[in-house]
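Counting begins at 1 with the first residue of the sequence.
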Amino acid sequence: MPGSVKLRSVKKFGQENDGYEFSDEGKLSKNGKKEESAIRVGFFQLFRFASCREICMMIFGSICAIIHGSAQPLMLLVFGMLTDTFIEYDIELNELTDPEKVCVNNTIQWRNLTEEENLALNMTKSCGLLDIEYEMTNFAYYYVGIGAGVFILGYLQISLWITAAARQIQIIRKMYFRKVMRMEIGWFDCTSVGELNTRMSDDINKINDAIADQVGIFIQRFTTFVCGFLMGFAKGWKLTLVIVSVSPLIGVGAGLMALFVAKLTGMELQAYAKAGAVADEVLSSVRTVAAFGGEKKEVERYDRNLVSAQRWGIRKGLIMGFFTGYMWFIIFLCYALAFWYGSSLVVDTQEYSPGTLLQVFFGVLIAALSLGQASPCLEAFAAGRGAATIIFETIERKPEIDCLSEAGYKLDKVKGDLEFHNITFHYPSRPEVKILDQLNLQVKSGETTAFVGPSGAGKSTAIQLIQRFYDPKEGMVTLDGHDIRGLNIQWLRSLIGIVEQEPVLFATSIAENIRYGRPGVSNDDIVTAAKEANAYNFIMDLPQKFDTLVGEGGGQMSGGQKQRIAIARALVRNPRILLLDMATSALDNESEAVVQEALDKVRMGRTTISIAHRLSTIKNADVIVGFEHGRAVERGKHEELLDRKGVYFTLVTLQSQGDKALNQKARQEMEEAASSDPDAERKSLNRAGSYRASLRASLHQRSRSQLSNVVPELSVAITGELGPRSYSETHSGLPDDDSEEVEPAPVARILKYNAPEWPYMLFGSFGAAVNGGVNPVYALLFSQILATFSMPDPVEQRREINGICLFFVVVGLVSFFTQLLQGYAFSKSGELLTRRLRCLGFQAMLGQEIAWFDDHRNSPGALTTRLATDASQVQGATGSQIGMIVNSLTNIGVAIIISFYFSWKLTLVILCFLPFLALSGGFQAKMLTGFAKQDKEAMEAAGQISGEALNNIRTIAGLGKERNFVEMFEAQLEAPYQAALKKANVYGACYGFAQCVVFMANSASYRFGGYLVYQEGLHFSFVFRVISAIVTSGTALGRASSYTPDYAKAKISAARFFQLLDHIPKISVYSDEGDKWDHFKGDIEFIDCKFTYPSRPDIQVLNGLSVSVRPGQTLAFVGSSGCGKSTSVQLLERFYDPNSGRVLIDGRESTRANVAFLRSKIGIVSQEPILFDCSIEENIRYGDNQRHLSMDDVIAAAKKAQLHDFVMSLPEKYDTNVGSQGSQLSRGQKQRIAIARAIIRDPKILLLDEATSALDTESEKTVQEALDKAREGRTCIVIAHRLSTIQNSDIIAVMSRGYVIEKGTHDYLMSLKGAYYKLVTTGAPIS
């Protein structure tokens, strides 16, 4: 059944939706989130996907809810009658206490008068007819009956609604994901993936909340509200109107409170956001902070920003206390008014019986309460409708290019001729920018065509049009003369293999990743493809070979490895058309050579289009096409195009390949040398001997001259880029189980941190104790009023009633002040604690060694969240928690004392029900908040699949794997769905139980009360007193237990915090231990250092590094990425200590030196300098945090760094803010600020980690000059890829796989004709 309904609705709505398709889509998502989330779905439309079966379930559930809703007012009818019975009985007893009166013939008569005289005196009160025990038994049966009914109804109501909702949500989830996977790529450009992911989880959960148990509960509460008021008006309209007249006061109070709290919470969050930004900035750049010794400075800056958050938090507490107090005050006034006016109606005009008074009063009270409890449901409905708007619109939308459609031709034979005819194209997300402009271009089958041109010229766009990710606005793309829009999409894409610049791997094994290329491919094919892609060898070197997991997004693999797996995946398709989009640009030289060789092998006999920037990859293409401004402006071979002096020529010359001829000459010489003197190479490789032996087998097909390219390359593959960096990304995808396992912290320790606030906590607890006593006092007064109704003397009665009403007012006033006191005192102590903890926590974080930050659990994001949430949750275990406990304890304590005092027997009976009452109160409060949390957890697995699919949608579309992902997703939905069905029954039963407990408790206690009144002469008002005291305090206890800001959570948060505070860093910044010495010279020596990053212990980064620098010399490290260059610098800074071997500074071991002292002597400029979000001046001052610097110092440093003139040209000069992470400045400017920052500390040792590699030629010159100035008279260690920066160093050390293979001056190394010589001559990035 659901199928047919579903299809029809999609068709119907799809047609209306055609007008709003393309151009609007982009605007819509940009212009206003507001209009986008406008609610365009009616409430009943939420149930569009319900089949008949679900509709029946929902209707039946609603009927149950309506009957259930009328149960409470029904109970009041019974309650009224019960009260009247008791009072009548009591009046009779009072009459008969008079010794003159006696019961004759069931009427009370004067003992010494005749019947006539008695009649004349109007002595007609009946007596002896009232069998109180019998009556109470009847009432007990009523109660039990209503209770049983409520249990069954509650169960049905909840379980039916939840079941129906679960089935509908299942359908919505499937349809939504199916539809999203079918959308064209242009739609994804306009919708962010993050947004889609939240829609998949949060928005659909919101719909779930809107169509599940909340509907049933809303109907039930609303019925109660209607019945309650009906009862009030039917039984006594005067009193009802009086009570209703007071209610606006409560409404206004509640409204204002909500408003203020929302506003203050906003302000508090905003105030904390500033501090959070500071924390985030500092933690993301913790290496910089450590290098410049800025820890103390940062902690102070953070603390300054916490003050305002604390102030808002305290204000919030005060306001909440004020309004809670106000509400209680009004409620008690309302009691006073109702009882005063009601009793006058009972006593003076005798319009009401006392039972009626109670029925009316409680009827209105229950009605008002239910209305209040129903309102949260309305919010859920509104949220659900808002969420459904976008989801349903997506489900209805027709994709422009439907990748799962069966339509379109499949050609029998494919030659592979591609042609672009007059194509004009804009991206849907940027309609104003023309990307392709009248592009005409032919790609012949079997040829390799290279696209070149400046970025933004439309090269990649052309490739995406071939894959039909987009359709051009004008013109067409043809394959063998057929317009590709007429071909079947899945079939078309199956002809194409694509290798992108940043290949996307899925989080499974290598073999599975390759298998994604073509369904049902055999293992032999996988191996063949891996061999063709030059990936086979490195895969076989991995411990698990083809079953190695590549990690989330392929994070466990190095760039070169990922590229080659991606090439194998493209090859296994056996494609007719191969598209290479910058397939080698992200690699270092050595990996590039290997990948390039793989690509050259596979291009044979296929139509290949290659986009590249590096000439080496383009030169041997059959045709080179030059792009400019979205047109193909020239085509031809390499030589022809050079002669034309067009786009291609400018690109070539720009790459400053003037020394190309020189390179070729050197290369020829080298090949001769290699053939004549094989030893030249062996020298450079003697360290890798054993390795070489094992590689021999796989190398015989390669030319000899590439041998040294292979060996270091493999080391890259194993170490990845810089160890820790790539690691931290890999793990983010794994579930964070390990971080959760902490023992909850002992409360005593939490309180110790809160000790300075003890006066506040004392006052708060006092307020809470008084508040706790209010409930039982209310029970006392209420039963006292009932007692007055049976008093014989009217004057006495009136006076008593007035007294009680006055007392109500007094209780209200007391309650107001104590609530205010409690709110203020606890918020003050809590906020102070939060601030103290945040500050301590932040300080502890900054004191950890750098290795601690490499652990994926301590990523900046995780740490800032920990500061934000954990610290604020801890206050849930101290102030307000103590308040809650004191409150509940006094509440229960006073109630029990009162009850035992008045009737211990009855109290014991009711106490049996107390645990259940507390349970039910707690459960109801939980029902109100809904059960969304568990559902979210169940959805994790499905969420991971959808997240992966949406993030890599292009890759999936290119591989035609949408169906697979839809199937995987739907398979993962089964478990949460089954869980939801199971839960429906459990929740239903719990809800029914929670609702019926009160009825059962009442039935037992009133029955027993009747027995005591009859047998033991207990006064009936005591029965009411005991029952209402315990019942109210029991439910209040339950509610309190659930409203407490999660106590357990607070303890866990605290435990996590203490874990952080107790963690002793291996390299401590704050300690004063360690050597400090005068006359620091800057003499550095590495002796046989071995090192692995703690976060990836299996990979040896340094393998016995030995190298030394005398004071004032410059040492340059050269080598491929991952060979340990940067690592050695980090050992020197003591971010890490070597596992074995020593680092000597001025002849002393670095591990013995004082950390802060050592770092203060070192200045560092890194590749991507990290600046802080403050002014240029402050950023430069950051260089030296030990002493106060004058402005002249800053300017002097700026002049040395060639920065001064540029700063003076800015409007605000040195006060210019650099933006977050220096985003307002260009790279060259950032570098120079970083250099000034390093110079101002006047370091003895200067470390330059690729300080100019990211710059263009002009900035590089300026920065290079600045660096040369800075190097004078200092020991300097340079890591660089460009030759110009290294040539004039005193020592050049060539590193490979963690040790130095050659060292010496430039000329000496060139004469060795070893590794360095080859790096220089093969135009590596060092050229």
Side-chain angles (χ1 to χ4, degrees), residues 9 13 28-29 31-50 54-55 58 61-62 65-66 69 157-158 161-162 164-166 168-169 171-173 175-176 195-226 250-266 269 368-396 924-933 935-936 939 980 987:
S9 62
F13 286 97
L28 220 147
S29 54
N31 290 6
K33 283 261 148 305
K34 286 288 160 287
E35 44 186 55
E36 191 182 11
S37 56
I39 293 181
R40 290 192 284 276
V41 176
F43 178 66
F44 290 105
Q45 274 178 295
L46 288 178
F47 304 102
R48 286 171 37 181
F49 299 107
E54 275 105 67
I55 293 175
M58 293 190 292
S62 308
I66 290 175
Q157 160 198 340
I158 297 292
W161 272 102
I162 291 187
Q168 291 169 67
I169 289 298
I171 295 174
I172 292 179
R173 278 215 165 95
M175 290 191 68
Y176 182 66
E195 207 179 316
L196 285 176
N197 269 331
T198 47
R199 277 189 215 161
M200 293 283 327
S201 52
D202 300 3
D203 286 11
I204 293 188
N205 281 343
K206 279 184 196 150
I207 301 184
N208 191 12
D209 287 348
I211 64 176
D213 48 342
Q214 296 288 356
V215 188
I217 292 179
F218 178 76
I219 295 175
Q220 173 206 332
R221 298 254 155 84
F222 195 73
T223 316
T224 307
F225 162 70
V226 174
I250 295 185
V252 169
L256 279 176
M257 174 165 164
L259 191 78
F260 273 115
V261 167
K263 203 162 173 167
L264 286 169
T265 309
L269 286 175
L369 275 180
S370 315
L371 191 63
Q373 288 175 324
S375 52
C377 301
L378 290 177
E379 278 170 35
F381 299 154
R385 284 172 55 199
T389 303
I390 304 175
I391 286 183
F392 287 179
E393 271 170 20
T394 306
I395 291 180
E396 286 153 19
Q924 265 171 298
K926 181 129 170 69
M927 282 299 286
L928 282 179
T929 54
F931 285 101
K933 276 196 204 79
D935 303 351
K936 265 206 188 114
M939 285 302 300
Y987 291 167

| query | Is the closest side-chain heavy-atom distance between Phe381 and Val215 below 4.5 Å? | reply | yes

| field | Nearest-0.5 Å distance, CD of residue Gln45 to CZ of residue Arg385 | value | 9.0 Å

| field | Between Tyr176 and Phe392, ring centroids under 6.0 Å | value | no

| note | When every non-hydrogen atom of Ala50 is compared with those of Met58, the smallest separation belongs to CB-CE, 4.0 Å

| request: Measure the CD1-CZ distance between Ile207 and Arg173 for me, rounded to the nearest 0.5 Å. | output: 9.0 Å

| Test: Arg48 and Glu396 ion pair at under 4.0 Å | yes

| request: Report the relative orientation of the aromatic rings in Phe218 and Phe222; use parallel for angles under 30°, tilted for 30 to 60°, perpendicular for over 60°. | output: parallel

| Which atoms form the tightest heavy-atom contact between Gly384 and Ala210, and what is the distance? | CA-CB, 3.7 Å

| Sidechain-backbone polar pair: Gln168 side chain, Phe49 backbone, donor-acceptor under 3.5 Å | no

| query | Roughly how far, to the nearest 0.5 Å, is the CD1 atom of Ile172 from the CD1 atom of Ile204? | reply | 7.0 Å

| said: Quick check for you: to the nearest 0.5 Å, what is the distance between Ile219 atom CD1 and Ile66 atom CD1? | reply: 6.0 Å

| said: Nearest 0.5 angstrom please: Asn208 CG to Leu46 CG, how far? | reply: 11.0 Å

| query | Just how far is it from atom OG1 of Thr394 to atom CE of Met175, taken to the nearest 0.5 Å? | reply | 11.5 Å

| Donor-acceptor pair, Ser370 side chain versus Thr224 backbone, under 3.5 Å? | no

